[in-house]
> 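Sending over a structure as structure tokens; questions will come in a sec.
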2 protein chains.
Amino acid sequence: MSKFIEDGKRFSLTTPSLLPNSAGYLWNRHMMIHMNCQGYAVAQYMNPEPKKYAHIPALAATSFMQPEQPYFAHHPGRFFYIRDDETGEIFSVPFAPMKTDLDSFKFEPGLSDIRWQVEHLGVNIEVTLTLSESHVVELWNVKVTNLHETVRKLSVIPYFPVGYSSWMNMGAHFDRDLNAVVCTSITPYQKLEQYEKNKHLKDITYLTSDVTPDYYELSQPTFEGQGGLHNPDALKQGANLSNGDAIYEIPACIMQFCIELEEGQSKELNLMFGPALDNQEISTVKEAHTGSALTNQHQQYKQYVEQGCGVIDINTPDKTFNDFVNHWLPRQVFYHGDTNRLTTDPQTRNYLQDGMGMAYVDSQTTKKVILTALAQQKSNGEMPDGILLTPEAELKYINQIPHTDHSVWLAIILQAYLNETNDWAILDHQLAWEDDQTPSSVLEHMNRAMAHLCSARDERGLPFIAQGDWCDPMNMVGPKGVGVSGWLTQALSYALQIWIETSRDRNSDAIIAEFEQTVSELKEKTNEYFWKGDWYARGITDDGVTFGIPEDKEGRIFLNTQSWAFLAGIPTTEQKQKMLHSVDEQLDTPYGVMLYAPAFTSMREDVGRVTQKWPGSAENGSVYNHAAAFYAASLYAIDEADRGFSVLRKMVSDQNDEGFERRGQLPVYIPNYYRGAFYQFPTKAGRSSNLFNTGTGAWFYRMVIEQLFGLRGCEQGLLIEPQLPSDWNNVSVTRQFRGATFNVSYHRSEQPISTSIVVDGTELESNIIGDVISGKVYEIVVSIGR
Amino acid sequence: MSKFIEDGKRFSLTTPSLLPNSAGYLWNRHMMIHMNCQGYAVAQYMNPEPKKYAHIPALAATSFMQPEQPYFAHHPGRFFYIRDDETGEIFSVPFAPMKTDLDSFKFEPGLSDIRWQVEHLGVNIEVTLTLSESHVVELWNVKVTNLHETVRKLSVIPYFPVGYSSWMNMGAHFDRDLNAVVCTSITPYQKLEQYEKNKHLKDITYLTSDVTPDYYELSQPTFEGQGGLHNPDALKQGANLSNGDAIYEIPACIMQFCIELEEGQSKELNLMFGPALDNQEISTVKEAHTGSALTNQHQQYKQYVEQGCGVIDINTPDKTFNDFVNHWLPRQVFYHGDTNRLTTDPQTRNYLQDGMGMAYVDSQTTKKVILTALAQQKSNGEMPDGILLTPEAELKYINQIPHTDHSVWLAIILQAYLNETNDWAILDHQLAWEDDQTPSSVLEHMNRAMAHLCSARDERGLPFIAQGDWCDPMNMVGPKGVGVSGWLTQALSYALQIWIETSRDRNSDAIIAEFEQTVSELKEKTNEYFWKGDWYARGITDDGVTFGIPEDKEGRIFLNTQSWAFLAGIPTTEQKQKMLHSVDEQLDTPYGVMLYAPAFTSMREDVGRVTQKWPGSAENGSVYNHAAAFYAASLYAIDEADRGFSVLRKMVSDQNDEGFERRGQLPVYIPNYYRGAFYQFPTKAGRSSNLFNTGTGAWFYRMVIEQLFGLRGCEQGLLIEPQLPSDWNNVSVTRQFRGATFNVSYHRSEQPISTSIVVDGTELESNIIGDVISGKVYEIVVSIGR
């Protein structure tokens with residue numbers, strides 16, 4: 001058991017320096033905050049595009065969320081200086097900016113709050129952050145307790161820097177009516193057209209309190225002086241804040257509360273921090289979160305997060321794994337499905353996979369995702385690179401680069417949705433096309449999507465890669481429209497197989513036969529063009545160079561062309577063994593399987609973009625968890641249960657469980673990658689990207705439900721087909737499915753018996769529980785042989 | 001005399017905390033560095049667009065140079081930690097990041113170098129920065145002297161942070177062959193097209209030394225640890241740097257040199273810091289700046305800067321003013337004219353005015369500027385908003401916003417060029433048009449430019465303002481094509497008068513008559529539509545609202561419509577008195593004259609962009625020196641010599657000369673603005689923008705030469721018409737003009753005599769010295785009556 005776990009819904013970290021990047025995150029539909037244990041914060045909200053309300057003290061670039069976000073003294077954060085006004089001693093909570101050696105420190109992210117407990121100089125400080133369900137506002141509670149036997153005079157000084165808001169206009173003043181620091185700014189613009197847009201932006205950042213501060217200081221440079229944030233001039237012994245405004249200076253919300261505490265006495269402060277359009281909005285938000293309204297809000301936000309409780313509760317010998325799957329994993333799945341990673345133009349494949357995860361949390365969202373995506377499909381079957389979620393949204397960043405794989409994910413999400421809901425009526429749902437207002441059924445949309453994928457192939461029958469496909473975006477393989485993708489050859493086969501299985505009874509025989517013909521063609525082509533040495537190559541460039549082959553010095557073996565070959569049922573038994581051996585030897589590491597190896601250390605102009613990324617980071621040979629999840633899925637597909645679980649388990653390992661150091665990552669979420677290039681840069685391998693935006697969660701969850709515990713929906717009911725690790729002898733789960741509850745216990749017999757399933761005392765003849773009755777509780781015993 | 005002045009070519013500041021933003025700057029044709037006295041730095045170079053080689057530790061936005069640049073602990077800088085290896089005591093030079101209370105501190109920017117001298121812990125450190133004439137590289141020299149009587153063991157640790165270079169790829173390693181820290185990165189891109197451009201960018205930043213370091217550390221976070229930059233973990237007593245690379249971590253160039261010094265002994269280090277494309281370039285640059293080559297480079301760079309020595313050397317009772325005019329002012333003029341503010345698309349009016357300044361430094365540049373600008377003129381006479389200097393250049397930022405005043409500046413620069421050079425042949429120079437390859441003479445280009453300005457007027461005869469004109473960019477006055485500009489009504493008159501005077505003998509009588517007719521029309525219209533109360537209004541909006549009038553609560557009186565009315569000779573004597581009184585009362589401050597007052601404190605939708613800027617900053621009612629310079633010129637034009645000098649003098653005041661505090665500004669350059677809104681925000685008024693990019697320098701210099709000392713060129717020769725302040729009784733200047741040297745001494749008689757001019761012992765009958773003979777030295781005595 002990890003020493004960081006207190007209970008399943010709260011993690012505890014007891015020293016700030018051990019894992020300096022450990023963080024928790026909270027969100028609602030409109031915002032997200034990523035709180036580092038030291039007090040640093042990354043927060044964004046939608047207005048209508050992603051926007052920040054606290055900045056670094058320099059002109060910052062707007063970009064997509066970056067991995068491995070560096071923190072530095074002046075990075076945005078939420079800090080509290082605590083000063084003993086009698087002795088002048090001072091420290092900061094949670095830890096930064098002063099980073100004093102504290103008597104005691106606890107960082108405890110929970111499902112719907114993040115809490116710190118700090119003891120120092122005979123004072124206990126409990127700081128709790130939660131969000132509102134309805135508004136974009138941080139709700140902070142600070143409780144200060146005197147642990148000494150004497151009366152104490154303390155200053156509690158929240159220091160919430162707001163940073164460089166705008167070169168055009170920025171400042172801050174204290175508003176007595178609102179009892180708030182109001183930091184004003186104007187989003188810079190030069191073109192007149194921008195003004196009309198900008199005037200609706202929430203350019204105010206405020207901090208308001210339920211107690212009137214004794215003093216304040218709103219200019220960050222004045223507060224800090226020459227002393228620095230570790231020793232701010234404004235907090236020198238005997239000094240109180242000077243009630244100075246920020247007049248075209250870097251603003252900060254800094255209030256000083258002078259409190260006197262008897263022995264053992266506590267005092268509390270409630271603070272709200274967030275963006276606003278105007279004072280009226282501050283006032284409205286304040287009212288909605290003060291007094292009894294605040295208690296209600298806490299309750300509502302808790303309920304909101306609990307919507308993401310998922311459909312399975314597991315009890316295995318592995319407590320870390322239980323806690324992660326029971327609480328943190330569905331929460332991460334919910335975050336993705338509910339917020340679309342806070343973007344207005346999610347990449348099509350992300351949107352579909354995040355939506356897929358919601359099949360196990362809130363399947364109505366999955367339906368909406370499928371229909372929204374298909375409504376943006378062209379009538380020739382082609383899917384766009386990104387899905388626009390608002391009328392003003394535009395395709396940005398990577399969504400401007402042509403990729404060829406989007407339709408693959410349609411078949412997969414639809415399968416998951418049908419497995420879970422049995423809502424076959426969706427196939428008859430009528431939808432127009434992006435370029436043609438004539439409605440067609442979802443079945444027809446899907447057929448055209450598949451047919452379009454099939455048609456985008458060269459004369460050999462291999463799918464074009466254009467400027468990239470999934471997960472290892474190499475932008476120079478096929479920009480001339482010649483290069484092809486080994487992965488997509490397999491992925492197309494896999495998607496077709498799923499779609500054939502899904503639509504067999506609803507499509508004409510001719511259509512099915514044509515798709516089946518393509519599947520068999522793709523298998524043959526994969527072996528003909530991509531089997532090189534002991535594994536499948538990744539692709540063939542515009543100039544006819546096959547890459548991802550034994551002769552390559554870098555990018556020699558790619559994980560995805562092995563995983564998806566397994567998923568598509570392409571290799572022979574002999575090939576499988578060679579592939580598994582090659583992956584073990586070249587891609588597996590203590591931190592997970594790498595996307596490919598060796599990572600590129602210099603530019604390869606016929607491959608492109610990934611080869612310019614730092615080796616081991618992002619897609620350049622990192623342990624890319626999204627790909628690792630598919631590898632796990634493929635291992636289950638070829639009946640390699642122990643290997644499959646091992647891949648999953650490494651994604652949520654902390655340093656104690658595996659005897660190696662996973663730097664900077666608490667298992668409260670799966671990050672998009674861990675540093676790879678293990679054999680090239682071993683000292684930095686395993687480091688977390690600290691970025692919780694990833695399609696991994698949805699896959700991980702689906703695999704746990706449908707493959708590990710084998711509780712998969714089908715047209716007839718619940719199919720039971722577990723693939724437990726061989727050292728789990730007695731485990732149990734509760735599965736919510738189509739309104740019914742299934743209490744399932746699994747027992748491994750020492751005997752080589754065949755698997756038996758007993759439902760409410762009666763042994764099943766098949767492995768399907770048919771006619772699931774909503775509201776019913778099923779008691780199931782699964783006996784598995786050696 | 002200012003306590004900061006040591007000699008005319010070097011300023012000295014003796015405490016770092018007094019003026020925390022004091023800075024010097026150095027440049028060559030390819031780069032610019034702005035060094036703050038504490039060690040913080042802002043540096044850019046052209047590659048081909050402006051680029052940085054040292055960054056903040058977060059994703060930074062690319063923008064035009066910002067005023068009031070904030071510095072913070074992790075801002076780029078060039079720092080040296082000095083540690084006594086025996087006691088563990090440590091401090092940093094120049095001052096940051098440790099900001100220790102030093103025994104002695106001197107900051108001494110010079111014309112071609114910047115020097116610090118620091119004494120602490122019995123060690124003297126002299127740090128000198130200079131640039132190369134030919135390459136983009138910083139040349140640092142550090143000399144450490146032991147002031148104690150014992151042998152000392154010291155570590156000298158240059159800490160040059162490189163910051164967040166790229167989310168795609170960044171790192172650093174030590175290259176033993178080059179004896180250099182090589183920080184590599186790849187400028188991020190997503191679109192394939194960008195790759196071909198990006199591959200030519202200098203993505204390497206390096207620090208190399210002439211001494212092999214004993215240790216190094218290249219990861220900024222590892223160096224700093226939890227201790228912070230004021231107390232980095234890596235420099236704790238007894239510790240040496242661990243020779244760690246930066247592997248996708250924020251890179252920094254940190255070397256440790258362990259030195260032993262006898263009593264009084266000194267050791268020196270030479271360092272080079274800059275960008276490079278590859279190792280070969282580092283090696284080439286290194287070779288060109290090592291050993292005797294370095295001495296040559298110092299000499300060459302000094303000579304390069306000395307090209308900007310200008311054409312006048314003054315000797316007045318005001319030493320600060322002398323030093324500024326003799327050394328710092330022509331240097332600033334040269335910087336602008338030689339580098340075009342390091343942009344590839346200077347605003348047309350900036351390009352022309354910076355070029356105008358070069359008439360007094362290197363008049364061939366002025367000619368080139370005139371011809372380059374006119375080659376981008378349309379055949380209908382219209383000038384573009386920006387001038388493209390390279391084939392790949394594009395109009396960016398404000399140059400995408402339509403402004404209507406560009407041609408005004410053509411007449412002015414041409415006048416200055418002709419005054420100084422007498423090169424009338426330029427008017428016959430043949431040039432094609434942007435949209436018509438048929439060449440026309442400069443005379444014709446100018447006629448069409450003027451005619452186009454004259455035609456862009458409404459039915460009343462008032463010039464349209466579109467989305468803005470000069471100096472107070474209000475983008476909502478005339479976007480519908482209706483609003484008109486009071487300033488441009490006057491400026492057009494002024495430009496026409498100059499052009500009439502310039503071209504009278506070369507244009508047909510009909511053309512001249514037409515221009516003259518317009519001049520008289522404009523005078524009449526100005527009085528009819530804009531004279532409101534006691535001054536001229538600024539404009540009339542699309543909706544017919546006249547603004548800049550007594551009834552306005554904000555933006556009541558604008559400086560430019562008073563200055564340019566004077567320049568255009570529009571007001572009557574009575575009007576003049578009222579205008580001067582109004583300016584004195586409402587716009588004048590201890591820090592200079594404000595652009596307008598009161599500054600806008602909230603949005604005025606019929607005026608626009610400036611009203612959204614912070615009051616007192618940038619163009620929103622600041623002391624905008626460029627406008628102030630024109631006010632001074634206009635005061636000379638109406639024979640208000642004392643007032644004119646007072647306006648000039650305030651631009652270069654430091655806190656001692658005027659008895660008020662000019663925060664953060666050493667008189668080594670004129671910044672683009674000082675904070676205004678003096679009556680609204682008195683505590684922050686006068687603060688410098690710390691931005692030396694401004695058209696002010698050229699005007700200031702021209703005014704000193706042509707108006708203050710009255711040594712203006714004309715077709716016949718040198719016209720002498722001084723307007724000295726009434727308290728200067730004996731001053732002298734040396735003026736270089738058309739190859740001749742004029743030693744002029746001015747004496748004010750106590751008698752009311754009329755001015756007499758004696759040249760080489762003979763009294764002139766006129767005030768023109770005709771037939772200037774190149775190479776000749778003229779001795780001139782000017783006697784002025786009371």
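Order of the sequence lines fixes the chain letters, A, B, ..., with proteins taken first and strands second; residue numbering starts at 1 for each chain.
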> Quick one: salt bridge (Lys or Arg N to Asp or Glu O under 4.0 Å) partners of B:Asp101, sequence neighbours excluded?
none
> As an exercise, state the distance from CZ of B:Arg687 to CD of A:Glu249, rounded to the nearest 0.5 Å.
4.5 Å
> For B:Met170, is it the side chain, the backbone, both or neither that has a heavy atom under 4.5 Å from a heavy atom of chain A?
backbone
> Would you mind telling me which of A:Pro57, A:Ala58, A:Pro615 has the largest number of heavy-atom pairs within less than 4.5 Å of chain B?
A:Pro57
> Run the numbers on A:Gln467 and B:Lys191 for side chain to side chain contact (heavy atoms under 4.5 Å, CB included), then give the verdict.
CA-CA 9 Å; A:Gln467 287 193 33; B:Lys191 295 189 182 169; over 6 Å; no
> So which part of B:Tyr195 gets closer than 4.5 Å to some heavy atom of chain A, the side chain, the backbone, both or neither?
side chain
> So B:Arg609 and A:Tyr189, side chain to side chain contact (heavy atoms under 4.5 Å, CB included) or not? Walk me through it.
CA-CA 8 Å; B:Arg609 204 170 74 98; A:Tyr189 63 94; 4.3 Å; yes
> What part of A:Asn620 gets closer than 4.5 Å to chain B, counting heavy atoms only: side chain, backbone, both or neither?
neither
> Between A:Gln220, A:Met603, A:His75, A:Glu224, who has the most heavy-atom pairs with chain B when the cutoff is under 4.5 Å?
A:Met603
> To the closest 0.5 Å, what do you measure between CD (A:Gln38) and CD (B:Gln226)?
4.5 Å
> Heavy-atom cut-off 4.5 Å, strictly under: side chain, backbone, both or neither for B:Ile398 against chain A?
both
> Looking at B:Leu192, B:Asn475, B:Ile401, which one has more heavy-atom pairs under 4.5 Å with chain A than the rest?
B:Leu192
> Using heavy-atom distances under 4.5 Å, tell me whether B:Ala618 contacts chain A through its side chain, its backbone, both, or neither.
neither
> Could you grab the distance from atom OH of A:Tyr248 to atom CD of B:Glu68, nearest 0.5 Å is fine?
6.0 Å
> Taking atom CD of A:Gln190 and atom NZ of B:Lys396, what is their separation to the nearest 0.5 Å?
12.0 Å
> Using 0.5 Å steps for rounding, measure from the NE2 atom of A:His74 to the CD1 atom of B:Ile56.
12.0 Å
> Identify which part of A:Thr184 has an atom lying under 4.5 Å from any heavy atom of chain B, answering side chain, backbone, both or neither.
side chain
> What's the spacing between A:Asn231 CG and B:Lys99 NZ if we round to 0.5 Å?
11.0 Å
> Non-hydrogen atoms of chain A under 4.5 Å away: do they reach the side chain of B:Ile247, the backbone, both or neither?
both
> Considering all heavy atoms of both residues, which atom of B:Lys684 and which atom of A:Asp245 are nearest to each other, and what is their separation?
NZ-O, 4.1 Å
